[in-house]
Amino acid sequence: MWRANNKGISLIDTFTIFVLTLVGDDDRRAPLVKQLQDIGLPYELVFGIDGRDGLPTEAETLIDRERTIYHMGRPMTDGEFACALSHRSIYKRILDEGLPGAIVLEDDAILKDGFAAFVLEKDYLKAPMILIDCAYPRVMRFRSRKVASGTLHRCANQPTMATAYCVSASAAEKLLVSTTPVQTPADWPASLYHLGAWIMTPRLATHEPPNPKRMSHLDAERSKLQSETAFDRPRIAGTSGLTAQLHRRLSRRVGRDRGAR
């Protein structure tokens with residue numbers, strides 16, 4: 001772990017910043033690592049499960065392929081399972097080590113202005129879960145609060161992307177339950193509204209936009225499966241039916257910049 005002792009940051013009273021990456025992906029995570037070091041924030045690399053050549057045998061006991069088809073309307077790729085299992089490992093670690101919570105950054109995250117303030121001013125303590133980066137968010141009207149790094153809005157739907165978010169121990173516990181076994185992609189296994197998630201505006205992190213010529217192994221597998229099926233939206237408790245309709249009526253869009261529509 002790299003520590004920013006010269007900035008006077010204590011690891012005891014802050015959320016740990018976990019950078020989720022894979023063994024051998026040094027070049028991929030290098031820009032994010034440099035950003036964190038330049039800002040002067042402590043972080044720890046968390047090496048996730050690599051599903052590019054299939055899942056390890058022990059991982060099969062933590063997933064349910066049959067239930068995945070019910071939730072997704074299609075099978076999930078090994079890469080998707082590996083990604084979800086990697087995020088799950090962080091939720092479990094938070095609970096096993098008695099951590100108050102964590103800030104989770106996937107290794108292709110690009111930090112934006114305000115991220116340092118979010119950490120240093122402890123804005124992550126203002127809600128059980130905060131999406132620092134997301135796509136297609138809708139938020140509840142009249143449910144917002146100002147914080148040092150921007151504005152938090154109460155999440156009303158199921159935005160996509162798990163590029164950057166923070167999660168308290170209480171939310172991590174609920175996410176761990178929802179991912180035991182893993183049946184859906186990392187974003188998201190449970191109703192974000194019922195998890196007490198909030199959306200940060202402006203977004204304090206983003207990621208490289210999709211490039212068909214440089215599509216990742218995970219995106220290539222998922223794209224192929226999605227083209228073969230008509231249904232690809234998780235059936236998550238609390239995200240469909242009358243509740244979802246009500247939330248949509250009472251919500252509005254935020255973050256209309258690219259990738260956050």
Side-chain angles (χ1 to χ4, degrees), residues 20-22 46-93 95 104 106 108 129 131 133-138 155-163 165 167 171-197 207 210 212 215-248 259 261:
L20 186 55
T21 188
L22 294 177
V46 175
F47 294 101
I49 297 173
D50 190 342
R52 287 173 289 191
D53 295 318
L55 293 178
T57 302
E58 60 272 18
E60 291 289 343
T61 64
L62 298 174
I63 67 175
D64 189 332
R65 293 184 183 274
E66 291 186 5
R67 290 291 294 174
T68 291
I69 296 175
Y70 166 77
H71 285 294
M72 299 297 298
R74 63 163 175 85
M76 266 169 57
T77 69
D78 285 345
E80 288 177 302
F81 275 121
C83 180
L85 286 166
S86 298
H87 283 269
R88 181 187 185 276
S89 71
I90 292 177
Y91 310 144
K92 188 174 186 300
R93 181 171 171 183
L95 299 177
V104 182
E106 293 186 339
D108 62 342
M129 182 176 184
L131 303 189
D133 180 31
C134 63
Y136 309 106
R138 295 188 70 88
C155 184
N157 67 336
Q158 291 290 104
T160 60
M161 295 198 305
T163 314
Y165 62 97
V167 60
E173 183 176 15
K174 294 176 182 177
L175 284 165
L176 184 61
V177 170
S178 299
T179 52
T180 306
V182 169
Q183 306 170 47
T184 63
D187 54 343
W188 294 99
S191 164
L192 291 176
Y193 179 82
H194 291 120
L195 281 171
H207 65 290
M215 185 175 290
S216 70
H217 178 78
L218 175 60
D219 286 339
E221 281 188 327
R222 182 165 48 204
S223 178
K224 181 178 184 299
L225 278 174
Q226 289 178 353
S227 67
E228 296 171 351
T229 57
F231 183 81
D232 187 44
R233 180 172 298 175
R235 297 183 176 107
I236 302 297
T239 65
S240 59
L242 295 176
T243 300
Q245 292 180 31
L246 178 61
H247 285 178
R248 188 168 185 84
R261 296 189 299 268

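Heads up: numbering here begins at 1 and tracks the sequence.
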Please name the pair of heavy atoms, one in Glu173 and one in Leu95, separated by the smallest distance, quoted to 0.1 Å. CA-CD1, 3.6 Å

Is it the case that the side chain of Arg67 and the backbone of Gln183 share a donor-acceptor pair, with hydrogens and angles ignored and the cut-off at 3.5 Å? no

Between CZ on residue Arg74 and OG1 on residue Thr68, distance to nearest 0.5 Å: 9.0 Å

Shortest non-hydrogen contact between Met161 and Cys134, atoms and distance: CE-C, 3.4 Å

Glu60: salt bridge (Lys or Arg N to Asp or Glu O under 4.0 Å) partners, not counting sequence neighbours: Arg65

Measure the spacing between NE2 of His207 and CG of Asp108 and express it to the nearest 0.5 Å. 6.5 Å

Non-hydrogen atoms of Ala190 and Gln158 that approach each other most closely: O-NE2, 3.1 Å

Point-to-point distance, once rounded to the nearest 0.5 Å, from CG of Leu55 to CG of Asp50: 9.5 Å

For Val182 and Ala84, work out which heavy atoms get closest and say how close. CG1-CB, 3.7 Å

Rounded to the nearest 0.5 angstrom, the CH2-CG distance for Trp188 and Leu175 is 7.0 Å

Minimum side-chain heavy-atom gap Met76-Ile63 below 4.5 Å: no

Within the side chain of Asn157, is there an N or O that forms a donor-acceptor pair under 3.5 Å with the backbone of Arg138? yes

Donor-acceptor pair, distance only, cut-off 3.5 Å: does the side chain of Thr163 make one with the backbone of Glu106? no

Can you find a pair of side-chain heavy atoms, one from Met72 and one from Pro185, that are under 4.5 Å apart? yes

Heavy-atom nearest pair, Pro159 first then Leu192, reads CD-CD1, 3.4 Å

Could you measure the distance from the CG atom of Asp187 to the SG atom of Cys83? Nearest 0.5 Å is fine. 7.5 Å

Ser86 to Ile49 - nearest heavy-atom pair and separation: OG-N, 2.8 Å

I need the Asp133 CG to Thr160 OG1 distance, nearest 0.5 Å. 9.0 Å

